[in-house]
Structures are given as C-alpha cells and as structure tokens.
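The structure appears right after this line, and notes come after that.
From a predicted model like this one, the values you see are computed outputs, not experimental measurements. If you read the sequence from its start, that first residue is 1, and numbering goes on from there.
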Amino acid sequence: MRRSSGIAIAVAVGSVAVVAPIWISIQLAWNEALANAKSRVQNHASLLVRRSEEAESQLNHAKSLLNAVHFPPCSPEEVALMQQLAVTSNYIQAIGRVSYNQLTCSSLRTSAPIDIGPANLITENGAEERFNVWIFKAQTHPLLVISEDGLAFIVDSSLMEDLPETGPGITVGIFVPSQRQPDLISTANGGIPTSWLRTIPKGSSTTFLDDGYVVSIVRAQQADIAAVAAYPSIYIGQQLQPFAFIFIPLGLICACGLAWAVAHISRIRLSLPAALRSAAKRKEFYVEYQPIINLETLRFVGAEALVRWRRSGRVVRPDEFIPAAEESGVITLITACVAEIVAADLPHLLAIDPDFHIAINLSGPDFLTTDTVNLLRDVLATSHARPCNLHVEATERCFLQADHSRWMIALIRSLGIAVSIDDFGTGYSSLSCLETLGLDALKIDKSFVETIGTDGATSQVVPHIIDMAHSLELVIVAEGIETATQASFLRSRGVHFAQGWLFGKPMNLASLCASLHAQQAVESTKVLG
Ligand code: C2E
Ligand code: CA
Ligand code: CA
C-alpha cells in the first residue's frame with residue numbers, strides 16, 4: 001500500500017469514525033423524543049375517550065331512569081327529575097324533551113320552546129347529534145345535544161376536552177367513527193383537518209406523523225366515539241432536549257474514542273515501514289534456525305533462517321512485520337540483514353558438518369532486483385561456503401511475473417544455489433507454472449500438513465501435491481510436522497525432508513551447533529560400536 005493511499009484511507013475511516021457515532025446519537029435522541037411525544041399524544045387522546053365514555057354512561061343512566069319512572073312527558077314530575085339528574089351529572093348541562101328540532105320542555109325551566117336546529121348526524125345506535133347549539137345568552141362556545149327516543153341531553157364537551165396537558169398548537173377533538181366521512185362533533189383549539197379522522201377498529205388506536213404534527217386517534221371500546229389529539233412537531237424538539245443531553249455527549253465520547261483508535265492504528269501502520277528501515281540500520285534483526293531433517297535417517301541436514309525483530313526489548317514475530325515489509329519493499333533491507341547474519345554463522349555450522357545447508361527466505365521485492373543475486377554471491381564469498389550449503393525459499397508471491405521469475409531462478413541456480421517454492425498451494429501457483437520455473441524443491445505448507453489424518457476438506461491435498469512433485473522430479477520438504485503420525489505418513493509417501501516442532505523449534509546458533517555436535521557424537525559412537 002502506498003503511503004498516500006494509506007493516509008487517504010485513514011482519513012476516510014477516521015471521518016466515518018467521527019461522524020457515525022454523532023449521527024447515530026442524534027438519530028437515537030430523535031427516535032426517543034418521537035416515541036415519547038407519540039405516547040403523550042396517545043395518552044391525551046385516550047383520556048379524552050375515557051371522559052367521553054364517562055359522559056355517555058351518565059347519559060345512559062339518566063335516560064334509563066327517566067324511562068323507568070313513566071312520568072307523563074313534560075309533566076312537572078318529569079321536569080323535576082330532569083333537573084335533579086342535570087345537577088348531579090358533571091357533563092350533562094340540561095335535559096329536555098325534543099320534538100321537531102325544538103325543546104318543548106327542559107330542566108332549564110323556560111316555558112317557551114327552545115329551537116335547537118336540525119341534527120348534524122345520526123350515530124350507529126340511532127342517536128341524533130347536534131354539534132352547534134346555542135341556547136344561553138352568556139354561552140362562549142357551542143353545546144352538543146344528543147337526543148334519542150324524544151329525550152335530549154345538552155352536553156358541554158369543552159369539559160371533556162379540558163385536559164391537564166395543554167400547550168401552544170395542541171389540539172384535540174371528538175368524532176363519531178361509524179360515519180362514512182367522519183366530522184368533528186367537538187374540538188378544542190380547532191385546526192384538525194378531516195383527513196386525520198381515520199376509522200379504526202373499536203378499542204384500538206393509531207399514531208402517525210402528518211403535516212408537522214404528531215397525531216393520535218383512539219376509539220372507544222363500546223361507545224360510537226373516537227378522540228383525536230395532535231401535537232405540533234416543535235413539541236418533539238422540546239422533548240429532544242433531555243435525550244440530546246444524554247445521547248449526544250455519549251456519541252461524542254464514542255467518536256473521540258474511535259477517532260483516537262483509527263489515528264493510533266494508522267500511525268502504527270503508516271510508520272511501520274519507517275520503523276523497519278531504521279531497525280535494519282540499527283541491526284535490530286536477528287535470526288533463529290529451525291532444523292530440517294532427512295525423513296529416512298532423521299539426521300539434521302540443514303536449517304531455515306527465520307528472522308526476528310528485537311524492538312525496544314520485545315521480540316516481534318515475522319507475521320507482525322513481514323507483510324508490511326513486503327508491501328513497502330523494506331523487505332530487501334531485511335533480507336540483506338539475514339544474509340549478513342547467515343554469512344557470519346555458516347562457518348560455525350560447516351565446521352561441524354561441511355554438508356549442512358542454510359535456507360534463506362526471499363520475498364516478492366527480492367525477486368525484482370539482481371542485487372539479491374549479488375547478495376547471495378557475497379554470502380558464499382564471505383562464509384567460504386560451497387553453493388550447496390545455501391538454499392533459497394521463495395513464496396509463490398515471488399513468481400507473479402513468470403518470465404522474470406524464471407530468469408531470476410536461473411540466475412540463482414547458476415550460482416549452484418538450490419531454489420524451493422515455499423508455502424506451495426496457498427497462493428496462485430499452478431502445475432503448468434511449476435513445470436516451467438525450473439525449481440529444485442517444493443515445500444508443503446504446514447496448513448496442509450496439519451490436515452493429515454483428519455477428515456478436513458483439504459486432507460486430500462497433501463497426497464496430490466506429493467504426486468505432482470514426484471512427477472516433476474522435485475525434492476519435497478514438508479513443514480509444520482508436529483506428530484509422529486504426520487511424519488510416518490509423509491515418509492511412506494516418499495517425502496524426503498521435513499521440518500517441524502516434532503524435530504526442533506526455531507533456535508539460536510549456539511543451540512543448533514550443540515544439536516549438531518550431539519548428532520555427530522551419536523553417529524561416531526555407532527561407527528566405533
Ligand atoms: P514460513 O517460511 O512458512 O516459515 C515457517 C513458519 O512456521 C515459521 O514461523 C516457523 O516457526 C513455523 N513453524 C515451523 N514448524 C512449525 C510447527 O511444527 N508448528 C507450528 N505451529 N509452526 C511451525 P515464523 O518464524 O513465525 O515465520 C512466519 C513466516 O514469516 C515464515 O513462514 C515466512 O513466510 C516469514 N519469514 C520468516 N523469516 C523470514 C525472512 O527472513 N525473510 C522473509 N522474506 N520471510 C520470513
Ligand atoms: Ca520458509
Ligand atoms: Ca509456510
């Protein structure tokens with residue numbers, strides 16, 4: 001990854017890390033405020049319905065009493081009872097007898113008939129309703145008259161609509177939902193369009209947003225009545241405040257945390273190549289050697305040089321820095337460090353076993369320059385080793401440009417140094433590619449070796465790789481052997497060399513020399529014996 005594109009990605013990820021938590025927190029605060037406003041509007045409409053039902057039950061009670069006593073209509077006894085009932089009910093203002101749109105007698109004690117006008121609607125129960133009745137001189141708002149079987153009940157619906165929660169723009173209304181096109185029979189503060197008056201099933205409710213209002217409709221369980229309440233959305237804004245005080249600071253904290261994490265990770269990632277470059281200068285790299293054995297004799301015949309980085313007292317494993325080193329090209333400096341160390345160590349090993357070999361790992365960028373060939377030549381010259389004492393392991397990623405790779409392999413082999421393909425099967429290499437590269441050996445990756453003796457989907461891959469390598473007459477090395485079962489399977493299949501914890505973990509030069517000395521001691525005892 002180039003540095004500029006790395007910075008661009010870091011800036012993009014960082015921006016998302018800052019904006020996303022703040023945006024999410026605003027959304028959360030808005031959703032909470034909206035849910036809160038919806039529940040308040042719904043409570044408002046429910047309360048209105050409950051009061052309407054209460055008024056309806058007072059009305060039914062008065063009606064059944066008046067019908068039960070069988071007083072002659074408009075008799076003094078009936079008018080007296082009407083007065084008594086009107087006084088004891090808090091919603092009924094007056095009761096009377098109605099005929100031809102006139103109150104012929106009533107609890108109001110007027111002798112002349114009172115004109116109440118024609119009915120606005122007839123409910124599903126057969127009751128007539130008049131919404132706009134003006135009876136008293138001092139009246140400030142219209143009254144509602146509900147009449148049935150000749151009895152009329154004058155109701156002040158504003159008493160029902162007088163709810164505890166009021167505020168600018170809050171409107172409420174009552175309507176008869178059984179109507180084909182419902183209209184308000186009463187409203188406080190006005191401003192309720194008929195399009196909001198939806199007919200919903202009995203006992204249910206609905207809440208929706210429309211035209212800058214949160215609207216709720218609640219329908220009574222029994223009575224043919226429904227209430228509508230509407231709050232302007234400014235009200236949601238007011239509700240937003242307490243939630244915003246909680247969510248937005250939380251969002252800001254998350255944003256800061258995420259931005260810090262992105263900045264921290266990008267700083268590490270972007271600065272890793274620079275750190276590796278100075279580590280190469282300061283010689284912070286060292287090498288451990290992992291033995292390679294002959295599977296027939298179990299002798300140590302060679303070892304792979306595995307680089308380590310001692311960074312501020314901590315040992316960094318190659319997996320943590322090799323990918324970044326390969327991406328940035330710094331790997332060539334690391335390869336040079338490893339080569340220099342191997343050149344210094346080889347004479348110690350060859351003094352014990354002159355046929356011993358060390359394998360050096362090469363990466364893609366090493367394969368792009370002939371400096372690598374010169375480097376290998378220098379190792380041989382400095383260490384006075386023979387070409388057979390040095391091997392090269394190149395991963396499949398080195399061979400992306402087949403023609404160039406073939407040429408590089410030929411150059412290295414012209415020095416007499418053997419070249420193996422490393423991690424075979426984990427990358428892009430094909431059989432046809434293997435045939436033409438002119439390699440000496442194939443190294444089976446430990447990810448395949450660990451499937452030996454298991455039911456895993458890739459457990460059949462190892463025999464195939466072995467057969468293929470045999471047909472191409474390549475030497476086979478298997479890595480990552482941890483069990484005797486894996487070792488005997490590979491031996492039975494004709495694999496020549498092996499490497500793994502079963503035989504030896506990566507170790508320093510002194511330990512490797514000690515192991516070689518011990519091996520020689522055993523062998524000379526056998527010869528003498
Ligand atoms: P690799 O070349 O495939 O090396 C084998 C890795 O497997 C090593 O890990 C080794 O320690 C580990 N290993 C060996 N036997 C066993 C075993 O029986 N069980 C298990 N679980 N692991 C085993 P290491 O040293 O961490 O190296 C990781 C990779 O880093 C290497 O994979 C190689 O790709 C890269 N690397 C290491 N040193 C160098 C180097 O000097 N140059 C380059 N270009 N790459 C290197
Ligand atoms: Ca290797
Ligand atoms: Ca491997």
Exercise for review: Given side-chain contact (heavy atoms from CB on, under 4.5 Å), test T332 with L375 step by step and report yes or no.
Suggested key: CA-CA 10 Å; T332 54; L375 192 71; over 6 Å; no
Review point. Does the pair I444 and V477 meet the rule for a side-chain contact (heavy atoms from CB on, under 4.5 Å), with working shown?
Key: CA-CA 6 Å; I444 307 173; V477 187; over 6 Å; no
Review point. Under the side-chain contact (heavy atoms from CB on, under 4.5 Å) criterion, do L512 and L349 qualify, and how do the steps go?
Key: CA-CA 8 Å; L512 183 60; L349 296 162; 3.6 Å; yes
Practice item. Would you sort out whether D345 and I358 count as a side-chain contact (heavy atoms from CB on, under 4.5 Å), showing the intermediate values? Key: CA-CA 10 Å; D345 291 349; I358 293 292; over 6 Å; no
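Of the possible donor and acceptor atoms, one in the side chain of H464 sits under 3.5 Å from a partner among the backbone N and O of Q460. Remark: side-chain polar atoms of S383 are paired, donor with acceptor, to backbone N or O of V379 under 3.5 angstrom. Within the 3.5 Å criterion, the main-chain N or O of F367 finds a donor-acceptor partner in the side chain of H404. Listed for the R406 side chain is a donor-acceptor partner under 3.5 Å among the backbone atoms of T436. Of the possible polar contacts, none joining the Q486 side chain to the I452 backbone as a donor-acceptor pair under 3.5 Å is found. For S420 (side chain) and D422 (main-chain N/O), no donor-acceptor pair under 3.5 Å exists by modelled atom type. Checked by atom type and distance alone, the side chain of N389 pairs as donor or acceptor with a backbone atom of P354 at under 3.5 Å. Listed for the S233 side chain is a donor-acceptor partner under 3.5 Å among the backbone atoms of G212. Side chain of R413 to backbone of G438: a donor-acceptor contact under 3.5 angstrom is found. Listed for the T297 side chain is a donor-acceptor partner under 3.5 Å among the backbone atoms of R299.
One finds no salt bridge joining K446 and E482 here, because no Lys/Arg side-chain nitrogen approaches an Asp/Glu carboxylate oxygen to under 4.0 Å. Taking 4.0 Å as the cut-off between side-chain N and carboxylate O, E320 and R314 count as a salt-bridged pair. Salt bridge present: K443 and E393 bring a charged side-chain N and a carboxylate O closer than 4.0 Å. Salt bridge absent: E284 and R310 never bring a charged side-chain N and a carboxylate O closer than 4.0 Å.
Between D378 and E340, the closest side-chain pair of non-hydrogen atoms is not below 4.5 Å. When side chains are defined from C-beta on, L509 counts as touching H348, because their heavy atoms get closer than 4.5 Å. Contact check for L376 versus V392: side-chain heavy atoms found under the 4.5 Å cut-off. For the pair F285/L276, a side-chain contact is recorded, criterion being any heavy-atom separation below 4.5 Å from C-beta on.
Aromatic rings from H44 and Y231 are positioned such that their centres are separated by under 6.0 Å. Note: W309 and Y286 fail the aromatic proximity criterion, with ring centroids not under 6.0 Å apart.
Heavy-atom contacts from other residues, nucleotides or ligands closer than 6.0 Å to CZ of F208 number more than 12. Within a 6.0 Å radius of CD in Q401, no more than 12 heavy atoms belonging to other residues, nucleotides or ligands are found. At most 12 non-hydrogen atoms from other residues, nucleotides or ligands lie less than 6.0 angstrom from CD1 of I234. Sparse packing is recorded around NZ of K283, with 12 or fewer heavy atoms of other residues, nucleotides or ligands lying under 6.0 Å away.
No hydrogens or angles considered: nothing links the side chains of S46 and N43 as a donor-acceptor pair under 3.5 Å. In this model, no donor atom of one side chain and acceptor atom of the other lie less than 3.5 Å apart for Q520 and D353. Looking only at atom types and distance, the side chain of Y289 has no donor-acceptor partner in the side chain of N508 under 3.5 Å away.
Partners of D366 by side-chain hydrogen bond (donor to acceptor under 3.5 Å, both in side chains), not counting sequence neighbours, listed by chain and number: T335. Not a single side-chain hydrogen bond (donor to acceptor under 3.5 Å, both in side chains) links E32 to another residue, sequence neighbours left out.
Between H470 and H496, the ring planes lie perpendicular to each other; the angle is over 60°, past the 30° to 60° tilted range.
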